[in-house]
There are 2 protein chains.
Amino acid sequence: MAHPSLPKEEVVTRLLQVFRREGYDGASLARLSAATGLGRSSLYHHFPRGKEDMAEAVLTLSRSRVVSLVLEPLAAPGPARDRLVAMAEGFGEFYESGEAACLIELFGVGTTGTQFIPYLTNSIASFVGAISAVLIEAGQPEALARRRAEDAIIAIQGSLVLARASGSTAVFHRILAELPDRLLG
Amino acid sequence: MAHPSLPKEEVVTRLLQVFRREGYDGASLARLSAATGLGRSSLYHHFPRGKEDMAEAVLTLSRSRVVSLVLEPLAAPGPARDRLVAMAEGFGEFYESGEAACLIELFGVGTTGTQFIPYLTNSIASFVGAISAVLIEAGQPEALARRRAEDAIIAIQGSLVLARASGSTAVFHRILAELPDRLLG
DNA sequence: GTCTATAAGCAGATAGAC
DNA sequence: GTCTATCTGCTTATAGAC
């Protein structure tokens with residue numbers, strides 16, 4: 001295999017899988033290399049600053065998936081409830097039905113990975129903003145809408161933690177299913 | 001310094017601080033040595049299997065703190081609300097007012113740390129069991145009590161994640177303050 | 001129970017051939 | 001755009017003196 005190999009998005013997808021499984025510290029170049037089928041040096045060709053660049057690419061890809069799976073459904077036309085249901089489905093897909101760790105857990109711990117936190121802060125704020133916009137549109141006062149939106153994100157992240165701790169994704173699915181009703185009150 | 005040095009509990013407390021700051025993978029022997037003031041070899045004297053034994057000691061210490069800060073207040077005599085308020089305070093102290101990461105985040109990611117998950121599964125189950133016992137005692141049907149107890153743990157863990165992502169512990173404190181009312185309905 | 005010294009391996013990263 | 005070879009530093013872990 002001495003040429004183009006995989007399309008870049010597929011490469012980044014595989015990097016994402018490794019980061020999700022191993023965390024930032026645990027994602028060694030050896031593993032990243034094995035997962036992509038690219039030698040160490042090839043990885044450096046595509047990502048000159050090494051792991052740091054790979055993490056950035058992974059976060060950029062995640063961001064675009066979040067936009068299409070969660071934010072766009074929330075901004076789409078239609079009844080509030082339908083949009084919230086679509087959002088819940090989008091979260092389910094993004095987190096691979098609860099099997100995948102949230103990115104904050106992966107990058108928020110340790111020394112090196114911490115530099116990416118601002119990136120994630122931004123995503124959280126987007127979620128809260130987009131959800132509360134739907135609730136305000138549905139007639140809720142702004143303060144209540146924002147609090148409920150924040151509670152929804154808390155419940156999603158918390159249930160992901162419990163899912164990993166318990167070895168079962170049931171709790172994650174329960175939270176997703178309840179989301180629309182909880183948000184609409 | 002060529003003798004007893006620190007009491008063992010103090011050593012383990014410092015190890016806990018490092019694990020919490022760096023995660024399992026990021027907690028190198030160099031850092032663990034610096035934090036405790038013990039040389040690498042002294043650490044191996046106290047913890048023959050190295051990091052693995054240190055992590056186990058850290059989890060055991062955490063477990064005993066959780067018992068005295070959270071589980072005992074829940075099991076104490078007195079009105080349900082008072083016990084739930086005491087529990088919320090205990091969680092606040094255990095998680096250092098939201099500054100500290102939850103242990104599942106630290107040990108649940110990566111390859112090596114994962115072996116400790118059963119330990120944490122157990123703690124989660126204890127929380128849910130102890131909280132729902134209080135709620136049942138207060139007259140709630142068992143299924144509702146268990147669901148609310150689980151929701152409470154989810155909210156705590158989720159708010160810790162958001163606290164780290166946002167750089168502010170405000171959300172963690174809000175959740176703790178609301179806990180008793182939410183649980184009692 | 002502490003220390004110094006050292007081993008063996010893997011981490012991230014680079015140079016240069018093809 | 002891929003590869004092989006190599007480098008430096010840090011990782012865990014051990015041996016043995018005091």
Side-chain angles (χ1 to χ4, degrees), chain A residues 1-59 61 106-107 109-116, chain B residues 1-59 61 106-107 109-116:
Chain A
M1 303 176 195
H3 260 247
S5 81
L6 297 160
K8 187 136 184 175
E9 176 161 344
E10 176 60 25
V11 168
V12 179
T13 299
R14 297 199 186 184
L15 294 176
L16 169 61
Q17 288 164 355
V18 177
F19 278 112
R20 273 189 157 164
R21 210 172 31 237
E22 314 285 351
Y24 186 84
D25 286 338
S28 69
L29 288 200
R31 282 179 216 271
L32 295 164
S33 169
T36 54
L38 271 60
R40 263 169 259 252
S41 299
S42 302
L43 283 176
Y44 276 96
H45 174 76
H46 294 287
F47 308 97
R49 288 179 312 159
K51 246 171 101 164
E52 218 173 320
D53 276 351
M54 295 183 223
E56 211 170 293
V58 158
L59 287 169
L61 174 68
L106 302 178
F107 291 96
V109 161
T111 336
T112 336
T114 305
Q115 62 185 302
F116 298 104
Chain B
M1 303 177 193
H3 260 249
S5 81
L6 296 158
K8 187 136 183 174
E9 174 161 345
E10 176 61 23
V11 168
V12 179
T13 298
R14 298 197 186 186
L15 295 176
L16 170 61
Q17 288 164 355
V18 176
F19 278 113
R20 275 189 155 165
R21 210 172 32 236
E22 314 284 351
Y24 186 84
D25 285 338
S28 68
L29 287 198
R31 284 179 216 271
L32 295 165
S33 168
T36 54
L38 270 62
R40 266 168 260 250
S41 297
S42 301
L43 284 176
Y44 274 96
H45 175 77
H46 294 286
F47 308 98
R49 290 179 312 159
K51 249 172 97 164
E52 217 173 321
D53 277 352
M54 296 184 223
E56 211 171 293
V58 157
L59 287 169
L61 175 67
L106 303 179
F107 291 96
V109 162
T111 336
T112 335
T114 304
Q115 63 184 300
F116 298 104

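Labels below follow one simple rule: chain letters A, B, ... track the order of the sequence lines, proteins then strands, and each chain is numbered from 1.
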Enumerate all atom pairs, one protein N or O and one N or O from nucleotides 12-15 of chain D, separated by less than 3.5 Å.
| unit_1 | atom_1 | unit_2 | atom_2 | d |
| --- | --- | --- | --- | --- |
| dT12(D) | OP1 | Lys51(B) | NZ | 3.4 |
| dT12(D) | OP2 | Leu29(B) | N | 2.7 |
| dA13(D) | OP2 | Tyr44(B) | OH | 2.7 |
| dA13(D) | O5' | Tyr44(B) | OH | 3.1 |
| dT14(D) | O4 | Ser41(B) | OG | 3.1 |
| dA15(D) | N6 | Ser41(B) | OG | 2.8 |

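- Checking Arg14(A), Glu9(A), Lys8(A) one by one against Val12(A), the side-chain contact (heavy atoms from CB on, under 4.5 Å) holds for a single residue, Lys8(A).
- When the C1' atom of dT4(D) is taken as reference, atom CG of Leu43(A) falls 15 Å away, rounded to whole Å.
- Here the OG1 atom belonging to Thr13(B) is positioned 5.0 Å from the CG atom belonging to Leu61(B), to the nearest 0.5 angstrom.
- Remark: His46(B) NE2 to Asp53(B) CG distance equals 12.5 Å, nearest 0.5 Å.
- Note: CZ (Phe19(A)) to C1' (dG12(C)) measures 12 Å, nearest angstrom.
- At dT2(D), none of the side-chain N or O atoms of His45(A) fall inside 4.0 Å of OP1 or OP2 (strictly under the cut-off).
- In this structure, Leu106(B) and Phe19(B) approach most closely via the heavy-atom pair CD1-O, 3.5 Å.
- Relative to the ring axis of Phe107(B), Lys51(B) does not place its NZ or CZ within 45° and under 6.0 Å from the centre.
- Between Phe47(A) atom CZ and dG12(C) atom P there is a gap of 15 Å when expressed in whole angstrom units.
- A pairwise comparison of heavy atoms in Arg40(B) and Leu29(B) identifies CG-CB, 4.3 Å as the closest pair.
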